[in-house]
Amino acid sequence: MSRQIRIATRRSRLALWQAEHVAARLAALHSGLVVSLVPIVTEGDRIQDRSLASAGGKGLFIKELENALQQGAADIAVHSMKDMPAEVPAGFTIAAALERGDARDAFVSVQHASLAALPPGARVGTSSLRRQCQLRHRRPDVEVVVLRGNVDTRIRKLDAGECDATILAAAGLERLGLESRIRARLAPAEMLPAIGQGIIGIECVQGREDILALVRPLEHEPTRTILAAERALAAALGASCESPIAGHATIHGDVLRLDGLVGSADGTTILVDSIEGAVRDAATLGAALAEKLLAAGAGRFL
């Protein structure tokens, strides 16, 4: 068994928090294990002047980390699973999924207490097509403006008056100690979350049994199950960063419920549906929900 492990991570404060969290968990599990970080600036971090959809999608945050794994410069990569493309590239595997944090989106504003409290014409900053779609559908009277950057950058832009409010992942704010900035948590019925939101995933090269043995104890089985359902939905839809889609799975006893959404970029049309079934059929349920949404006409938005 390897006695050292190197973690590839983005350089943002949230990414570093996640990598350090994984490092601390691994060090606590394995006496004598030497854990180090390999911070990398990704293409997605470098592009700040346009949306991810126009720049090339979610893979812009992932490719350099996977290159580090492939070239032997790192042993694992730590990701926010909402940033992962629906299909993991050949030769790689998600070795562990940590217990999910709060999957909800959070409404953040200096002056306004909730999305409903925003006055007509208020500017809401977000670069997510998923959030833009649902915002425009729910509040067609507000102006949606592109707001790029990491969590700290977006909050700084909000405080500087570039927008009146923004929507951020609640889990990310909590992990950065910024929970006090949350004015309201948006229920999934109000803003359906991104696929994998709130879940930290560990990726490695397939076949690294030494690494798998080290990280496997971090696996949280219920989180892996709901992640399988959500990612199967995204994969069956052929979704990308250019597609306004959302999905959120929950487990109630032996039953898994999956809610899914596909919409138009301008928010004029959204298709929402759900499915329930046995927990053991998580991936099958995700694919089946995709079929229901496609049958309802989702294909024209993908």
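Partners of Leu29 under the side-chain contact (heavy atoms from CB on, under 4.5 Å) rule, at least two apart in sequence or in another chain, are Pro217, Leu218. Residues satisfying the side-chain contact (heavy atoms from CB on, under 4.5 Å) criterion with Leu186, sequence neighbours excluded, are Asp105, Phe107, Ile167, Glu190, Met191. With sequence neighbours excluded, the residues that form a side chain to side chain donor-acceptor pair (under 3.5 Å) with Asp141 are Arg139. Residues satisfying the ring-ring contact (aromatic ring centres under 6.0 Å, His included) test with His21, not counting sequence neighbours, are Trp17. Not counting sequence neighbours, the partners of Val205 by the side-chain contact (heavy atoms from CB on, under 4.5 Å) test are Leu69, Phe92, Arg208. Applying the side chain to side chain donor-acceptor pair (under 3.5 Å) criterion to Glu20, with sequence neighbours excluded, gives no partner residue. Under the rule for a salt bridge (Lys or Arg N to Asp or Glu O under 4.0 Å), the partners of Asp152 that lie at least two apart in sequence or sit in another chain are Arg13. For Ser264, the side-chain contact (heavy atoms from CB on, under 4.5 Å) criterion is met by Asp266, Thr268, Thr269, Phe301, not counting sequence neighbours.
Counting only distance, with no hydrogens or angles, the side chain of Glu219 and the backbone of Ala97 share a donor-acceptor pair below 3.5 Å. Judged purely by atom type and a 3.5 angstrom limit, Ser114 uses its side chain to pair as donor or acceptor with the backbone of Ala117. Here the side chain of Lys157 pairs a donor or acceptor atom with the backbone of Arg148 at under 3.5 angstrom. Looking at Arg3, its side chain does come within 3.5 Å of a backbone N or O of Ser31 through a donor-acceptor pair. No donor-acceptor pair closer than 3.5 Å links the side chain of Arg231 to the backbone N or O of Ile226. Side-chain atoms of Arg175 do not come within 3.5 Å of backbone N or O of Leu14 as any donor-acceptor pair. Under a 3.5 Å cut-off, the side chain of Arg183 and the backbone N or O of Ser109 do form a donor-acceptor pair. At least one donor-acceptor pair closer than 3.5 Å links the side chain of Thr166 to the backbone N or O of Gly125.
Hydrophobic side-chain contacts under 4.5 Å tie Val272 into a cluster, directly or through other members, with Leu192, Leu261, Ile270.
Following chains of ILVMFWY side-chain contacts shorter than 4.5 Å, one cannot reach Val145 starting from Leu118, and the two form parts of different hydrophobic clusters. Note: the hydrophobic cluster containing Leu37 also contains Leu214 (ILVMFWY, side chain heavy atoms under 4.5 Å, direct or indirect links). At a threshold of 4.5 Å between side-chain heavy atoms, the hydrophobic network of Ile, Leu, Val, Met, Phe, Trp and Tyr places Ile5 and Leu212 in two separate groups. Val124 and Ile155 sit in two unconnected hydrophobic clusters of ILVMFWY residues. Membership requires side-chain heavy atoms under 4.5 Å apart, directly or through other members. Placement of Leu135 and Leu147 in two distinct hydrophobic clusters is found when ILVMFWY residues are connected by side-chain heavy-atom separations under 4.5 Å, directly or transitively.
There is no side-chain donor-acceptor pair under 3.5 Å between Gln132 and Thr126. With 3.5 Å as the limit, one finds a donor-acceptor pair spanning the side chains of His252 and Thr250.
Within the 4.5 Å cutoff, the side chain of His112 has heavy atoms near those of the Pro119 side chain. Side-chain contact between Pro120 and Val142: absent, with no pair of heavy atoms (C-beta onward) separated by less than 4.5 Å. Using a 4.5 Å cut-off on side-chain heavy atoms (C-beta onward), Ile195 and Lys82 make no contact. In this structure, the side chains of Ile199 and Leu98 stay at 4.5 Å or more apart for every pair of heavy atoms. Within the 4.5 Å cutoff, the side chain of Leu256 has heavy atoms near those of the Leu285 side chain.
Residue pairs meeting the salt bridge (charged side-chain N to carboxylate O under 4.0 Å, His left out) criterion with at least one partner in residues 107-128, sequence neighbours excluded, are Arg123-Asp164. The stretch residues 88-103 participates, sequence neighbours left out, in these side chain to side chain donor-acceptor pair (under 3.5 Å) pairs: Arg100-Glu230, Asp102-Arg104, Asp102-Arg185. For residues 280-300, every residue pair satisfying the side chain to side chain donor-acceptor pair (under 3.5 Å) rule, not counting sequence neighbours, is listed here: Asp273-Lys292.
Atoms NE2 and CZ, from His220 and Arg224 in turn, are 12.5 Å apart once rounded to the nearest 0.5 Å. Annotation: the span from Leu258 atom CG to Leu289 atom CG amounts to 5.0 Å, rounded to 0.5 Å. Expressed to the nearest 0.5 Å, how far OG of Ser36 lies from CD1 of Ile7 amounts to 7.5 Å. From Arg11, atom CZ reaches atom CG of Leu16 across 8.0 Å, with rounding to the nearest 0.5 Å. Once rounded to the nearest 0.5 Å, the distance linking OG1 of Thr225 with CD1 of Ile251 reads 5.0 Å. Distance check, rounded to the nearest 0.5 Å: CG of Leu293 to CD1 of Ile245 gives 9.0 Å.
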Arg138 vs Leu115, side chain to side chain contact (heavy atoms under 4.5 Å, CB included): CA-CA, chis, key distance, verdict: CA-CA 9 Å; Arg138 183 169 292 276; Leu115 184 57; 3.8 Å; yes
Check the pair Ile202, His79 against side chain to side chain contact (heavy atoms under 4.5 Å, CB included), reporting the backbone distance first and the verdict last. CA-CA 6 Å; Ile202 300 174; His79 305 293; over 6 Å; no
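The neighbour count for Asp159 CG, taken as heavy atoms of other residues, nucleotides or ligands under 6.0 Å away, is above 12.
Asp259 has a carboxylate O that lies under 4.0 Å from a charged side-chain N of Arg257, or vice versa, which qualifies the two as a salt bridge.
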